[in-house]
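To start, the structure itself, in structure tokens.
Computed over heavy atoms, backbone and side chain alike; hydrogens, waters and symmetry mates excluded. Sequence lines set the chain letters: A, B, ... in the order given, protein chains first and strands last, and positions in each chain run from 1.
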2 protein chains.
Amino acid sequence: MSRKSFQRWSMDARRRSLLEATLHCIAEHGMNGASARRVAERAGVTAGLIRHYFGSKDAMVSAAYAYLIGQLTGEAEESSEQAGEVPERRLARFIVANVTSPNLSSRKVALWATFIGRVRTEPEYSDIHRESYREFLALLETLIHPVLLALERPADPVTCKHYAIALNALIDGLWLEGGLGHGLYDTALLPKIALSAAEGILALPNNTLMQYVAVDKSSSQPATQ
Amino acid sequence: MSRKSFQRWSMDARRRSLLEATLHCIAEHGMNGASARRVAERAGVTAGLIRHYFGSKDAMVSAAYAYLIGQLTGEAEESSEQAGEVPERRLARFIVANVTSPNLSSRKVALWATFIGRVRTEPEYSDIHRESYREFLALLETLIHPVLLALERPADPVTCKHYAIALNALIDGLWLEGGLGHGLYDTALLPKIALSAAEGILALPNNTLMQYVAVDKSSSQPATQ
DNA sequence: TTCCTTGTTATACGACAGTATAACTGTAAG
DNA sequence: CTTACAGTTATACTGTCGTATAACAAGGAA
């Protein structure tokens, strides 16, 4: 009986492979299901590599949290960047991107929630969360500010921040409940609901945001995995 | 060496004690920390009782989820009931109750999130979540409807439902981020932000809701445990 | 008091957890 | 082609996991 043959990968590739395997196990079987052996098997290696690359299984799991958050904010930023120059259009597209596929993903919601549950008591998690939330708020503020200016509305930092907090909550909430896919309403409604509510929160004239987005009127589109 | 002496409790009391111990362990040490032995020790019994009362540890954990959700919706309903008869006041109080202590609790947010992470793949969890979300939406709709009527605004079921979805998202998001206590802003701001945003979402005149709530202008009040 | 029911403890068991260590082997440098 | 390093496997070890089972005792019924 000979040993398993293997390939040597670059540190980055191997780490990423293990992190993705970790996320897979957590999404599919919960925190309990992400055992060292199971994650290693999913990544096609043996459990010893976890120690080699991350020092411990717990360190790997928190690294997976950071990795997931990086993906999420990356996607969100990307979608706001490719929306052109019109401030209202940028904001509208950003909001919609967060309540439609691929961001509206039950897998991502499940992962996010699982990790959020540990933010309260574990400092590493809490640091990662705080930083990502700060980033998201800042991004929203920079999207909101020019919209207010264009309408000659007060746009001082405090006002912008309060708007950003409320808008972030709206987006988080819709993303969360929409992503969970409870089937209580058609998730194709989410863009319209989100934009209409955002216009209300920012006290913008009707259609200020809505006009920039083609709202899907067709039938249900289930959330992606 | 003699046996530990014990008392026989009623089925309800013993079950509740075990469920609360389960929630404690999950909140403090995550899903992994809620082992049968640890939960039993916290409840002051031995692990065998879990099998006796719930059949298995997994069944106990999902029962704990249902127990938690019952507490949450119970508190929310209670706070809306003791708000008098004025529709605007009832809605305002309900919203504020969800972003202030004791509902704004980092422990509850952490527990909620931990369970939500399992909604996607485990049917029992998904059922419990769907039902509680449906209840919350329905409650919001019954609060929103009379407010719209009083202002002679269209109040058909579809409109109410869309408003309820958006408002629920706003409340969920503020509760979540506020409860996590990241320290990025003063959580005493949340009632004002929530009411202002709610007025915007529902397109109500300024202060329609705000006038019914004394907004705390004093210094930071950290979220309760 | 005495007996019976059953809630509760105590213990054993196999499975699997995380990880430390040693042996092996892929790969690039010399 | 050889050598040496380090990425990777294999394995062993101790602890804890969930739970099945049997002994025990609390407290009401007779």
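- Place G44(B) and N32(A) on DNA chain C by their nearest nucleotides, and G44(B) ends up nearer the 5' end.
- Remark: E28(A) engages R120(B) in a salt bridge, criterion side-chain N to carboxylate O under 4.0 Å.
- Taking 4.0 angstrom as the limit, Y53(B) places none of its side-chain polar atoms (N or O) nearer than this to OP1 or OP2 of dG7(C).
- Side-chain atoms of R8(B) come within donor-acceptor range of the base of dA26(D), with a qualifying N/O pair under 3.5 Å.
- R3(A) contributes a side-chain N or O that forms a donor-acceptor pair with the base of dT9(D) under 3.5 Å.
- Between Y65(A) and the options L111(A), L19(A), I116(A), T22(A), a side chain to side chain contact (heavy atoms under 4.5 Å, CB included) holds for only I116(A).
- Atom CG in L184(B) sits 6.5 Å away from atom CZ in R130(A) (nearest 0.5 Å).
- The phosphate of dT8(D) has OP1 or OP2 within less than 4.0 Å of a side-chain N or O from R14(A).
- Checked by atom type and distance alone, the side chain of H182(B) never pairs as donor or acceptor with a backbone atom of Y133(A) at under 3.5 Å.
- Comparing dT19(D), dT8(C), dG27(D) by their nearest atom to the side chain of H52(B) picks out dT8(C).
- Dashed line: the shortest gap from a side-chain N or O of S35(B) to OP1 or OP2 of dC17(D) is under 4.0 Å.
- Contact annotation: R37(A) does not reach the phosphate of dT19(C) (side-chain N/O to OP1 or OP2, under 4.0 Å).
- Minimum atom distance to the side chain of A36(A) is reached by dG18(C), of the listed dG18(C), dT19(D), dA10(D).
- When distances run from any side-chain atom of L49(A) to the nucleotides dT8(D), dG7(C), dT19(D), the shortest one goes to dT8(D).
- Take the nearest nucleotide of DNA chain D for K4(B) and for S56(B): the residue whose nucleotide is more 5' is S56(B).
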